[in-house]
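Everything quoted here is computed from the prediction, not taken from an experiment. When a residue number appears, it is its place in the shown sequence, counting from 1.
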Amino acid sequence: MYSYSDFKYKNKDVCDMFEVPYSEAYKVTLCGKEIPVYTCRISSYPFNRWWPGYQRPVDQTELVSYVNLVSDEDIELTVEPTAKKEYNRIMIKPYSKGVKHEVCDGVIKFTLCENGAYVLELDDYHGLLYIFNNKPVHCEAPENVTYYFGAGVHFPGKITLNSNESVYVDKDALVYGCISANGADNIKVYGNGIMDDSFEERHSQHCYVPYVNGNVKLYDCKNVKLQGVGFTNSAIWCVNVFHCFDVEIDGINVFGQWRYNTDGIDMMNSRRVTIKNSFVHSFDDTIVIKGIDKYSFEPCTDILTENCVLWCDWGKTCEIGLETAAPEYDNIVFRNCDVLRGGNTVCDIQNGDWAYVHNVLFENINVEFESFHTPAILQDDNMIEYPKTNETEIPCILMISNRRFREAYSFIGFEDVAPKVEAEWKFAGVNDITVRNIHIYADEKTISKFEKECIKVKIINIIPTTIYDNINVENVHLNGERITVADWNLTEIYTEGLCDGSFIFK
């Protein structure tokens with residue numbers, strides 16, 4: 001069984017006022033039948049800035065395309081690019097899936113044998129096509145769902161969930177709205193349709209408080225499930241959970257993000273969180289585990305990200321910090337993930353406050369380096385244009401640092417920007433970190449420019465009382481060849497506080 005999303009209005013008056021965002025850049029057929037292709041907006045280049053009091057200019061962005069499919073069997077797709085007629089290179093990502101294609105008379109044909117998210121790029125990411133091949137998520141009893149969105153276009157705005165409430169988004173539903181909850185238990189948002197936060201505007205610097213919601217914002221919730229739904233065009237951090245417990249995020253798609261601070265998934269002082277089988281393309285940081293003052297009594301523990309496809313335009317991909325106002329981080333795992341773009345760092349630990357960060361594993365991570373991935377730039381004022389269009393950015397595979405969060409962000413105007421008691425800083429330890437089985441694909445232009453030194457690791461300790469110990473990086477491959485530490489681009493900047501044998505690279 002296979003199908004696709006087809007968003008149609010049920011109300012002619014609404015249809016006359018608003019248009020479904022169809023794309024004319026691609027013609028796509030599914031098993032011989034032409035299907036709808038939709039548009040969303042992404043960043044044209046990694047050009048970010050601190051919130052200036054207004055939203056990012058649209059001229060720094062571009063429209064791309066997507067199809068939203070549902071299947072439980074192999075599916076055959078043909079794609080005819082109608083906007084980009086001339087190109088030299090066809091990329092179907094992630095490369096680890098090994099999708100083979102054929103081309104005949106300008107039509108690209110391929111078969112998808114697995115559920116998950118794919119991206120078709122022609123020469124570079126500009127004008128890309130997202131292909132969401134979702135596992136079916138059914139609603140067996142619609143009468144028991146609090147907010148049921150069937151086929152059609154809906155405008156509910158902000159949906160606030162109470163305990164034991166749920167939202168179902170049918171595959172043929174396009175819902176202009178966002179999800180909020182505070183102190184709710186046993187809540188669920190599921191389906192195969194799309195939720196779009198386009199109509200929400202941002203008016204505040206702060207990401208922690210509910211002045212702006214984003215796609216999903218949850219505080220102090222327990223037993224939460226997000227399953228199958230696509231989330232696009234967030235006004236701020238996309239999916240964020242503050243002090244939540246027993247959270248399962250399975251098979252969601254976060255995409256079409258371009259506005260300032262659109263992190264993919266942020267977790268603050270939460271425990272027992274699982275993110276799996278999901279696609280997250282963020283403009284800012286992608287998967288982030290933070291600790292903030294309001295919940296600084298609560299550790300960040302038992303957090304797993306696995307079998308995900310990740311894409312970071314600007315910032316960090318798999319990140320701990322920079323805010324680490326928590327007693328500890330323990331049992332944090334990123335495993336079996338594909339990174340289509342790594343921002344400036346793939347595996348990142350920034351202990352910017354006083355947490356004891358330990359027992360962290362990054363394992364079986366596939367990373368794609370492309371010569372058309374240009375450097376991230378922080379925009380200082382309106383007069384500066386993006387200056388790096390002909391350069392290439394190579395992300396660090398691992399960075400561990402302890403830049404002080406409160407010093408770095410004091411100018412923003414947080415209510416409590418003064419550093420915590422200085423004596424607490426000594427507890428900002430980073431111990432028992434393992435990074436293993438990293439497989440990097442790099443295109444020919446990247447290899448010719450950087451060679452094996454594209455493998456970058458940075459260890460930065462600027463606080464003498466902080467202890468780093470038992471940091472292990474092992475089994476790194478570049479285009480199928482295992483790379484020894486002698487070939488890496490390794491930077492170590494530290495003072496005291498390092499034990500003998502702190503770092504083991506092999």
Handout entry: Leu218: which of Asn240, Val239, Ile187, Val247 passes side chain to side chain contact (heavy atoms under 4.5 Å, CB included)
Key = Ile187

Practice task
Measure from NZ or CZ of Arg202 to the centre of the six-membered ring of Trp51 and say whether it is under 6.0 Å with the direction within 45° of the ring axis.
Solution key: yes

Exercise for the section: Mind checking side chain to side chain contact (heavy atoms under 4.5 Å, CB included) for Asn366 and listing every partner two or more places apart, or none if nothing turns up? Expected result: Ser96, Asp338, His439

Handout entry: Lys/Arg-Asp/Glu bridge criterion (N-O < 4.0 Å) met for Glu121, Lys93
Key = yes

Problem - Asp197 vs Asn233, side-chain hydrogen bond (donor to acceptor under 3.5 Å, both in side chains): CA-CA, chis, key distance, verdict - result: CA-CA 5 Å; Asp197 193 37; Asn233 207 349; over 6 Å; no

Practice task
Please tell me if the side chains of Leu129 and Val79 come closer than 4.5 Å, counting only heavy atoms from C-beta onward.
Solution key: yes

Problem - Greater than 12 external heavy atoms within 6.0 Å of Gln55's CD - result: yes

Handout entry: Chi angles and distances behind the salt bridge (Lys or Arg N to Asp or Glu O under 4.0 Å) call for Arg341, Glu370
Key = CA-CA 8 Å; Arg341 181 170 185 167; Glu370 301 285 7; over 6 Å; no

Handout entry: Ion pair Glu248/Lys276, N-O distance below 4.0 Å
Key = yes

Problem - Donor-acceptor contact present, side-chain Asn336 to main-chain Glu306, <3.5 Å - result: no

Practice task
Check whether any side-chain heavy atom of Tyr356 lies under 4.5 Å from a side-chain heavy atom of Asn431, and answer yes or no.
Solution key: yes

Handout entry: Side-chain heavy atoms of Cys308 within contact of Ile275, under 4.5 Å
Key = yes

Practice task
Go through the structure and list residues passing side chain to side chain contact (heavy atoms under 4.5 Å, CB included) with Asn48, not counting sequence neighbours.
Solution key: Tyr260, Phe283, Asp284, Trp314

Problem - Asp353 and Asn351 side chains, donor-acceptor separation under 3.5 Å - result: no

Problem - Any side-chain heavy-atom pair of Ile194 and Val169 under 4.5 Å - result: no

Exercise for the section: Report yes if the side chains of Tyr208 and Glu323 come closer than 4.5 Å at any heavy-atom pair, otherwise no. Expected result: yes

Practice task
Compute the centroid of each ring, for His281 and then for Tyr66, and state whether the two points are separated by less than 6.0 Å.
Solution key: no

Handout entry: Asn115 vs Ser71 side-chain heavy atoms within contact, under 4.5 Å
Key = yes

Problem - Test item: Cys244 and Lys222 side chains (from C-beta on) under 4.5 Å apart, heavy atoms - result: no

Handout entry: Side-chain touch Tyr95/Lys97, heavy atoms, less than 4.5 angstrom
Key = no

Handout entry: Of Asn307, Asn437, Asn475, the residue whose pairing with Asn364 passes side-chain hydrogen bond (donor to acceptor under 3.5 Å, both in side chains)
Key = Asn437

Exercise for the section: For this output row, return yes or no: ring centroids of Tyr130 and Phe279 closer than 6.0 angstrom. Expected result: yes

Handout entry: Carboxylate-amine/guanidinium contact Arg259 Glu200, below 4.0 Å
Key = no

Problem - CA sep, side-chain torsions, deciding dist, call: Asp250, Lys135, salt bridge (Lys or Arg N to Asp or Glu O under 4.0 Å) - result: CA-CA 10 Å; Asp250 182 10; Lys135 184 177 180 180; over 6 Å; no

Problem - Ile287: which of Glu319, Lys316, Met267 passes side chain to side chain contact (heavy atoms under 4.5 Å, CB included) - result: Met267

Practice task
Before accepting this row, confirm whether a basic side-chain N of the pair Arg41/Glu62 lies closer than 4.0 Å to the acidic partner's carboxylate O.
Solution key: no

Handout entry: Worked check of side-chain contact (heavy atoms from CB on, under 4.5 Å) between Thr61 and Ile42
Key = CA-CA 6 Å; Thr61 73; Ile42 67 169; over 6 Å; no

Handout entry: Aromatic ring proximity Phe110/His101, centre distance under 6.0 Å
Key = no

Practice task
Measure from the ring center of Phe255 to the ring center of Phe231 and say whether it is less than 6.0 Å.
Solution key: no

Exercise for the section: Answer with yes or no whether the side chains of Glu393 and His373 bring together a donor and an acceptor at under 3.5 Å. Expected result: no

Problem - Lys/Arg-Asp/Glu bridge criterion (N-O < 4.0 Å) met for Asp246, Arg272 - result: yes

Fill in the blank from the handout: Checking Asp443, Asp123, Asp124 against Arg89 for salt bridge (Lys or Arg N to Asp or Glu O under 4.0 Å), the one that qualifies is Asp443

